[in-house]
Amino acid sequence: MAGGLEGVVAAQTSLSWIDGRRGMLVYRGYAIDDLARHATFEEVVHLLLEGSLPDEAQLEATRSRLADQAPLPDAVVEGLRLLPKATTPMSALRTGVSLLGSDAPTFDAQDLDESRAAAYRIIATIPTIIGAFHRLRSGKEPVAPDPEATTAHNLLRGLQGGEPDGESVAAMDCALVLHAEHTLNASTFAARITAATMSDIYSAVVSAIGTLRGPLHGGANEKVAEFLESIASVDDVEAVVDAKLARKERIMGFGHRVYKTEDPRGPHLRRWARRVAERAGREELYEKALRVQEVVKDRKGLYINVDFFSAPLYTAMGIPRDVFTPLFAASRAAGWTAHVLEQQANNRLIRPTSEYLGERHQEWVPLEQR
Ligand code: COA
């Protein structure tokens, strides 16, 4: 049974590659460990969209291009203002990107240069949409992005309304690098399917955001935080995990379709989670997460995925739980848009087939006789 398309090659890409048995991930040939330790998000954006690591001038051009495009058009701010305050940030983000696409009326969806320019615009504005909606729902006015700052800095500034500290910016930058691209995951596939109908890049990213939000995909990080906070202390972890497994419930942040060993992004997020939690006086949260990791591995042989340690990291940074999945989107926008450009450059409609399980020959029954 081909349910879930497991193992099916549905696209060709030069953007990233995973070896799930060895726990390897590369973006255009560069190991995720090197990128996590040395690259900034802007370097990764250039790598994914332009095909190579930038030199110093190109890196500064990418940073300023993103910062210059980060302010939102009035139509987007006013649209966000109209949303009910109880709307989830993920719905607001989906709406915000849709509004951004409506604010480009002369956009030629099939012109590759215009799509590339729109890709930068989308990557630049998603962090601003996240911050603007969070502040509006809290009864505060959005703050304008700093044209001299990086994406990670402006993302935190937009949420907090003030200047973030250097360590939080470094942690966020690393999280953005780690989530940027991951082969044909569900949301990226959704983006490529949309692009393959010769639709536009904004619509493709809206499809991707809707797909990312589910708890089997990017929505898992919010569920991890909920779970960790529901456990009173490190000593309770074992009993809580066992009870959950006995009820046949999934433990979010564990397991992966592709990795059969530890997700290579996990250790970097674990390292940052420990640093930030210690500094914030939230050691207990980190210790609980470590113990959950141990117990689930012991009971089920399951490894953590990218969503596990991002949850205590963002919690320790003081970021509201329902903003975690939008942060994933802020980063993955780089991968989504790079895949859309790749699809557009060599397009063929993506249209698989299905196995029919229904009746084949039924007698027509007139309405009055049913
Ligand atoms: N907790 C408990 N059991 C899990 C599990 C988890 N997080 N992930 C997988 N399993 C178990 C399943 O129950 C199943 O067991 P069974 O064969 O006895 O029924 C087996 O492992 C295979 O799971 P399956 O759902 O078929 O794997 P998949 O490749 O379709 O799913 C995920 C991959 C990611 C959807 C799955 O691991 C999951 O639901 N994880 C939790 C959500 C999550 O963290 N998502 C973020 C992914 S980056």
Side-chain angles (χ1 to χ4, degrees), residues 1-10 16-21 23-25 27 32 36 90 175-191 208-231 237-270 273 288-289 291-315 321-322 324-333 335-336:
M1 167 65 187
L5 296 179
E6 188 164 1
V8 173
V9 175
S16 64
W17 172 70
I18 298 171
D19 181 336
R21 278 185 304 116
M24 282 173 60
L25 165 64
Y27 296 173
I32 197 67
M90 206 52 186
L176 290 175
V177 167
L178 291 170
H179 289 83
E181 163 57 13
H182 210 229
T183 72
L184 211 57
N185 58 88
S187 55
T188 300
F189 192 32
I209 293 170
T211 309
L212 182 72
R213 91 180 280 179
L216 294 189
H217 192 6
N221 57 13
E222 298 182 18
K223 298 285 175 200
V224 171
E226 211 174 279
F227 181 55
L228 290 177
E229 296 205 3
S230 76
I231 305 174
V237 165
E238 208 170 335
V240 173
V241 169
D242 284 340
K244 208 168 164 63
L245 291 176
R247 292 193 300 272
K248 304 250 176 276
E249 288 174 17
R250 287 186 180 224
I251 315 280
M252 293 295 149
F254 286 86
H256 201 276
R257 174 60 65 82
V258 184
Y259 295 115
K260 302 304 166 209
T261 182
E262 189 168 71
D263 182 326
R265 300 164 297 177
H268 297 286
L269 290 164
R270 186 165 54 224
K288 275 194 285 185
R291 185 76 188 116
V292 171
Q293 180 187 352
E294 262 173 33
V295 177
V296 176
K297 175 75 179 53
D298 177 65
R299 303 297 196 267
K300 296 283 292 182
L302 287 168
Y303 294 93
I304 56 158
N305 59 48
V306 72
D307 289 307
F308 191 70
F309 277 101
S310 59
L313 169 63
Y314 298 152
T315 304
R321 194 190 295 159
D322 58 5
F324 293 5
T325 313
L327 294 183
F328 192 151
S331 165
R332 187 56 57 83
W336 290 333

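Atoms within a ligand are numbered from 1 in the order they appear, just like the ligands themselves. Keep in mind the model is a prediction, meaning the values are calculated, not measured. The basis for the numbers below is simple: all heavy atoms, side chains too, and nothing from hydrogens, waters or symmetry mates.
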For atom 18 (O) of ligand 1, decide whether some protein heavy-atom distance is shorter than 4.0 Å. no
Examine Lys288 relative to Phe227 and say whether NZ or CZ is less than 6.0 Å from the centre of the six-membered ring and inside a 45° cone about the ring axis. no
Can we say Arg270 and Glu262 salt-bridge, meaning some charged N sits less than 4.0 Å from an Asp/Glu carboxylate O? yes
Tell me the nearest of Arg250, Lys248, Lys223 to atom 25 (O) of ligand 1, using heavy-atom distances. Arg250
Taking atom types as modelled and ignoring hydrogens, do the side chains of Thr183 and Trp17 form a donor-acceptor contact shorter than 3.5 angstrom? no
Is_contact(atom 28 (P) of ligand 1), protein non-hydrogen, under 4.0 Å: yes
Decide whether an N or O pair under 3.5 Å exists between Arg257 and ligand 1. yes
Distance filter under 4.0 Å to Gly255 heavy atoms, resulting ligand 1 atoms: 34 (C), 37 (O)
I'd like to know if atom 45 (N) of ligand 1 has any protein heavy atom within a distance of less than 4.0 Å. yes
Measuring from atom OG1 of Thr325 to atom CG of Leu212, what distance do you get when rounded to the nearest 0.5 angstrom? 6.5 Å
Which atoms of ligand 1 are found less than 4.0 Å from any heavy atom of Gly253? 43 (C), 44 (O)
closest protein heavy atom to atom 15 (O) of ligand 1 is Lys300 NZ, 4.9 Å
If you measure from each heavy atom of Pro215 to ligand 1, is any distance below 4.0 Å? yes
Answer yes if the ring centres of Tyr303 and Tyr259 are under 6.0 angstrom apart, and no otherwise. no
Kindly compute the distance separating CZ (Arg257) from CD (Glu6), expressed to the nearest 0.5 Å. 4.5 Å
Looking at atom 48 (S) of ligand 1, what's its closest protein heavy atom, distance included? Asp307 OD2, 3.5 Å
I need the atoms of ligand 1 closer than 4.0 Å to a non-hydrogen atom of Met252, numbered in the order shown. 41 (C), 42 (C), 44 (O)
Is the closest protein non-hydrogen atom to atom 37 (O) of ligand 1 under 4.0 Å? yes
Residues Leu228 and Pro312: closest non-hydrogen pair is CD1-CD, 3.9 Å
Phe309 side, atom CZ; Leu178 side, atom CG - distance, nearest 0.5 Å: 13.5 Å
Short side-chain donor-acceptor distance under 3.5 Å, Asn221 and Arg321: no
Pull out every atom of ligand 1 sitting under 4.0 Å from any heavy atom of Ala220, numbered as shown with elements. 43 (C), 44 (O), 45 (N), 46 (C)
Given side chain to side chain contact (heavy atoms under 4.5 Å, CB included), test Ile231 with Arg291 step by step and report yes or no. CA-CA 11 Å; Ile231 305 174; Arg291 185 76 188 116; over 6 Å; no
Select the closest option to atom 7 (N) of ligand 1 among Asn305, Ile251, Val296, Leu245, judged by heavy-atom distance. Ile251
Specify side chain, backbone, both or neither for Leu216, according to which of its non-hydrogen atoms lie closer than 4.0 Å to ligand 1. both
Nearest protein heavy atom to atom 5 (C) of ligand 1, by residue and atom, and its distance? Leu302 CD1, 3.5 Å
Spacing of Ile251 atom CD1 and Lys244 atom NZ [to the nearest 0.5 Å]: 5.5 Å
Is there a protein heavy atom at a distance of less than 4.0 Å from atom 22 (C) of ligand 1? no
Just need the protein heavy atom nearest to atom 40 (N) of ligand 1, so name the residue and atom and give the distance. Phe254 O, 2.9 Å
